[in-house]
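What follows is one structure encoded as structure tokens, with my remarks underneath.
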Amino acid sequence: MNGGTLLVASIGKNSVGTLAVPPGWTIAIMDGNTGGCSAILAYPLANPGGITSLTFALGGNTPLVGSISEWTGRTAFAAMGSMAQGQRTASRSVQTSSATTASELAITTSCEDDNNPTSTPGAAWSQLGSYTNVASLPPLATDAQVAPAGVVGEPVTRSVSGKYSAVIATFR
């Protein structure tokens, strides 16, 4: 991966335990739902480039899924957003706790403790990727948009109703 670009890891795990991130990485935001899953956004403080593999670790045999996205022209963490969690609903929303400036990159990640849900991103959001659960891996959906100024939020619709966690963060 190229130096000077922003890398963002979107992770879902079946626990509320601690996640070990690679050296030089920090967790932007994490939220977990007991008996459900945890949604996490992490990024490196500086991307040296040349990264060909990364290791994120959990204790025990806890299932973990994730994806990495790379963004040109985005380097500094701008504002930590907010978290949402809940029980058995097919629609949910997560939004930043503070206003953004125009053109910040907003990324959401959500996971759900249920079998084979599909996720539909909100209007003006693009789905970066999704993982439908098999066996005991948590389903994961990651969406992004170049945000307008103000509080940014994403309503997400899922095909099933289960316990969920969702997080949002913005980057300049």
How long is the gap from [atom1] on [X] to [atom2] on [Y], to the nearest 0.5 Å?
X: S69; Y: L105; atom1: OG; atom2: CG; result: 7.5 Å
X: M30; Y: S38; atom1: CE; atom2: OG; result: 6.0 Å
X: I11; Y: S67; atom1: CD1; atom2: OG; result: 8.5 Å

Over all heavy atoms of both residues, which pair between [X] and [Y] is shortest? Give the atoms and the distance, please.
X: A144; Y: W71; answer: CB-CH2, 3.9 Å
X: Q127; Y: A141; answer: NE2-CB, 4.0 Å
X: Q145; Y: A123; answer: NE2-O, 4.3 Å
X: S110; Y: A166; answer: CB-CB, 3.8 Å
X: I68; Y: A9; answer: CD1-CB, 3.5 Å

Exercise for review: Step by step, work out the side-chain contact (heavy atoms from CB on, under 4.5 Å) result for V21 and I27.
Suggested key: CA-CA 8 Å; V21 297; I27 293 176; 3.8 Å; yes

Review point. Applying the side chain to side chain contact (heavy atoms under 4.5 Å, CB included) test to V167, which of I40, T108, I29, I107 qualifies?
Key: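 So, applying the side chain to side chain contact (heavy atoms under 4.5 Å, CB included) to V167 and each of I40, T108, I29, I107, only I29 qualifies.
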
Review point. Is it true that a side-chain atom of E104 and a backbone atom of A147 form a donor plus acceptor pair closer than 3.5 Å?
Key: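 Not at all, since once roles are kept as given, no pair shorter than 3.5 Å links the two residues.
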
Practice item. Answer yes or no: is there a donor N or O on one side and an acceptor on the other, between the side chain of E70 and the main chain of L7, under 3.5 Å? Key: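 Looks like no, no N/O pair under 3.5 Å.
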
Exercise for review: Not counting sequence neighbours, which residues clear side-chain contact (heavy atoms from CB on, under 4.5 Å) with P22? List them please.
Suggested key: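 Per chain and number, P22 pairs via side-chain contact (heavy atoms from CB on, under 4.5 Å) with W25, L54, F56.
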
Exercise for review: List for me each residue that meets side-chain contact (heavy atoms from CB on, under 4.5 Å) alongside T55, sequence neighbours excluded, and say none if there are none.
Suggested key: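 T55 satisfies side-chain contact (heavy atoms from CB on, under 4.5 Å) with no residue once adjacent residues are dropped.
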
